[in-house]
Each structure stands twice: as structure tokens, then as C-alpha cells.
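Could you have a look at this structure, given as C-alpha cells, before my questions?
First listed ligand is number 1; within each ligand, the first listed atom is number 1. Please read these numbers as outputs of a predicted model, since none were measured by experiment.
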Amino acid sequence: MKHLIDPTDLTKPEIDEIISLAQDIIAHRERYQGSMSHRKLATLFYEPSTRTRLSFTSAMMELGGNVLGFSDARSSSVSKGESVQDTVRVVGCFADVIAMRHHIEGAQLYATEVSTVPIINAGDGSHSHPTQTLTDLLTIQRELGHIDGITIGFCGDLRFGRTVHSLIKALTRYKDIKVILIAPDELKLPDYIKQDVCERTGIPYREVETMEEVMGELDVLYMTRVQKERFLDEDEFDRVKDSFVLDSARMSLAKQEMAVLHPLPRVNEILTEVDSDPRAAYFRQVENGKFVREALIVKLLEWKDDPAHGMPEDEEPIVDPELRCPNRKCICNNEHAPHKFHRAENGVLRCWYCDSKVR
Ligand code: NCD
């Protein structure tokens, strides 16, 4: 069965199928209305969300399906101490597909081990957010007409921004991508993305200090919010919160055909004066998110019993009673998930669930 937990769970042909179905849905919306009647999507949101949850709900409604679930785990049995695995076992009796957001990293991957229905990761801590990635890919495709060959600048919180981590992973599936990282020291991209993703797959990346020095090179500028809720230290947050702000003056340095993306919500990292610039694609991006989630739901249910569309063949996990995942926000330090690991190609041992470096 196919789940979507990490963007690399999808092969390039599968991503292409989802993106092209989304484009067909946009062109012929009426053809798909009713295609999911009598099907149910459960949205299990253990962490706040506006766009992602409503986008899933709206997507399922457009397809004529039904939606159930919770947007506040305190109103579910989780408040009685139910585990993620038990919750999905139960919800799998009520729904055909589950979209789950969790503040604990690796929670959805752990849930797939027992689920009888496809699980979609709608964001796990600062780890991964693959449906935002599909949204971003569809947006780049629609704005620029191609994804291969782009130079993309990621600006802001590259340390905690799960949308950034996921999009970079997915871009390894495309040709001639160049990545420019624009962030202060405190918010730099985690090493596992730089080493295990960019260096391993040969995506060139460069780290710079200012937007100005690279603005003219970019085809896509991917802005992000500083993720206040993921900081452990308030002073550190205050120091970096206004790090990089996009305004009209900076936009004047960019190419005419550049696209500005932002997963939203924004705080003040894009001034509202930029909104009327035709290159500001972030509100179009929101709508693309609904179409791509429609396509994803259709495809996951179509692929459910097709052995040609399983999860990627993983190597055997490494289990060693001496080793523990160091990440306090990982599922194996919050529920009874086993501490297990995989060895990255550069020999580094990483947590199976959250990718934290163990040794
Ligand atoms: C993002 C998220 O939740 O990771 N938003 C979203 O899903 N559209 C980004 C953010 O919260 O800053």
C-alpha cells in the first residue's frame, strides 16, 4: 500500500501522474465532482493548521466525498492517552484515507506500520511536509512552465521549516536544479539535508548572507516564516525573527519571470506591498494545494491494492540496545516506538523515524 510520509516515497513517474491529474482537474473540474462519493477522508490534526486542513477538506468535498476527524487532539481519545498507532487502527475502520498532522516527528511513519488505509503526512514537527511539496511543484510548473533547470532561493527559517526540507528532497527528482540558501547562522539548513540530500544527489547549493546578492539569479524565491513555536530559546527567536524581509525594492532586483512562493502563514517576511506584483504566486499556490490534494487522494485510493505502487524498498533497520535517538521530539522518545536506525550512504547512522543523526 502506498502512503505519503516523505516526498521520496513517490517515484518521479508517480509525482508526474499526480501533477498532471491536478492539472486535468483544474481544466475539467466538473469531470471529477462525485468521483469520491461514498469515500471518506479522516483529518487527524494534533497541531494547529488552517490551510492544510481546510485544503484537504475542500479537496475531498470537491470530489463529492465526506470528511471526518478532529482539529484539536484534546477533544479526542488522545487526551485519555491513546497512542498514535491505536488511533489509526480505530480510524481505519471509519475512513478510506487518513491525513495526519503531528508535532511529534516520525509519528505518521510509525502509524503506517499498523494502518489498513493510506496515511498522508500533513506535517510532522520540523521534519517533513510532502503535500506542501506537491503544492509547490504544481505551482512552479504552472508559473514557469517547467521545474527542471530552475535556480531556487530558500529564504528565512531553513532550520525548522519542514516545507523547505521536503521541497529540497523532491527537487532531487528533477534535472539541473540549483539551490541557494539565504538564512542567518541560527536558521541554517540542517546538515542531513545538505549532506545526505544535496551532496549525495549532486544538487549544487550555496549559502549566502543577503537576498540582494542573489536576487537576479533566481527563478523561484521560496520565502518562509520564522517558526517561533519550534524555538526552545526565546532570546534566540527575538534575534532572528525579522531576519529577511521581502519588499518592492528587493523585488526590483529580480527577473521579470521569477515566482515568489510562500507556504503561508506569513508574519512580516513579505510586505503586503509585494502582493500586487504579478510574480507574487503565494495566493495562487494556496489554491493549487487544493487541486493537488484532490489528485493525491484519487491516486492513493487507486494505487491502494496495486503492487506496482508500494512504499520504497527500505533496507533492514539497524537495532542496537546501546543506541538511542537524541531528538526529544521524535516518536521513539514519546511513544513506545522502537529505537531503530538506518545508515545513510555517507556512513552516518540516522533515526529511522526522524532522520536525526545518532553517530
Ligand atoms: C507551513 C507548515 O505548517 O509547515 N504551512 C502550511 O502548511 N501551509 C509553514 C508554516 O507553518 O510556516
Per-pair distances, ligand 1 N/O vs protein N/O, less than 3.5 Å:
residue	atom	partner	partner atom	Å
ligand 1	3 (O)	Arg101	NH1	3.4
ligand 1	3 (O)	Arg101	NH2	3.3
ligand 1	3 (O)	Arg162	NH2	2.9
ligand 1	4 (O)	Arg162	NE	2.7
ligand 1	4 (O)	Arg162	NH2	3.4
ligand 1	5 (N)	Leu264	O	2.8
ligand 1	7 (O)	Thr52	OG1	3.0
ligand 1	7 (O)	Arg101	NH2	3.2
ligand 1	7 (O)	His129	NE2	2.7
ligand 1	8 (N)	Gln132	OE1	3.3
ligand 1	8 (N)	Pro263	O	2.9
ligand 1	8 (N)	Leu264	O	3.1
ligand 1	11 (O)	Arg225	NH2	2.9
ligand 1	12 (O)	Arg225	NE	2.7
ligand 1	12 (O)	Arg225	NH2	3.2
ligand 1	12 (O)	Gln227	NE2	2.8

(Q) Please list all pairs meeting ring-ring contact (aromatic ring centres under 6.0 Å, His included) that have one or both residues in residues 81-121, counting only residues at least two apart or in different chains. (A)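 Every pair satisfying ring-ring contact (aromatic ring centres under 6.0 Å, His included) with a residue in residues 81-121: Tyr46-His102, Tyr110-Tyr353.
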Q | In one Ile/Leu/Val/Met/Phe/Trp/Tyr side-chain cluster, 4.5 Å: Ile98, Leu41 | A |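 No, because Ile98 and Leu41 fall into different hydrophobic clusters, even though each may have its own neighbours under 4.5 Å.
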**Q.** Side-chain (Arg101) to main-chain (Ala122) donor-acceptor, under 3.5 angstrom
**A.**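 Checking the backbone N and O of Ala122 against the side chain of Arg101, a donor-acceptor pair under 3.5 Å is found.
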Q. Are Lys12 and Tyr174 in a cation-pi setup, meaning NZ or CZ lies under 6.0 angstrom from the ring centre and within 45 degrees of the ring axis?
A.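 Ring-cation test returns yes.
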**Q.** Nearest-0.5 Å distance, SG of residue Cys330 to NE2 of residue His127
**A.**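 Atom-to-atom, Cys330:SG and His127:NE2 are 8.5 Å apart.
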Q. Under 4.5 Å between any side-chain heavy atoms of Phe291 and Arg29, yes or no?
A.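 They are in contact (side-chain heavy atoms under 4.5 Å apart), so the answer is yes.
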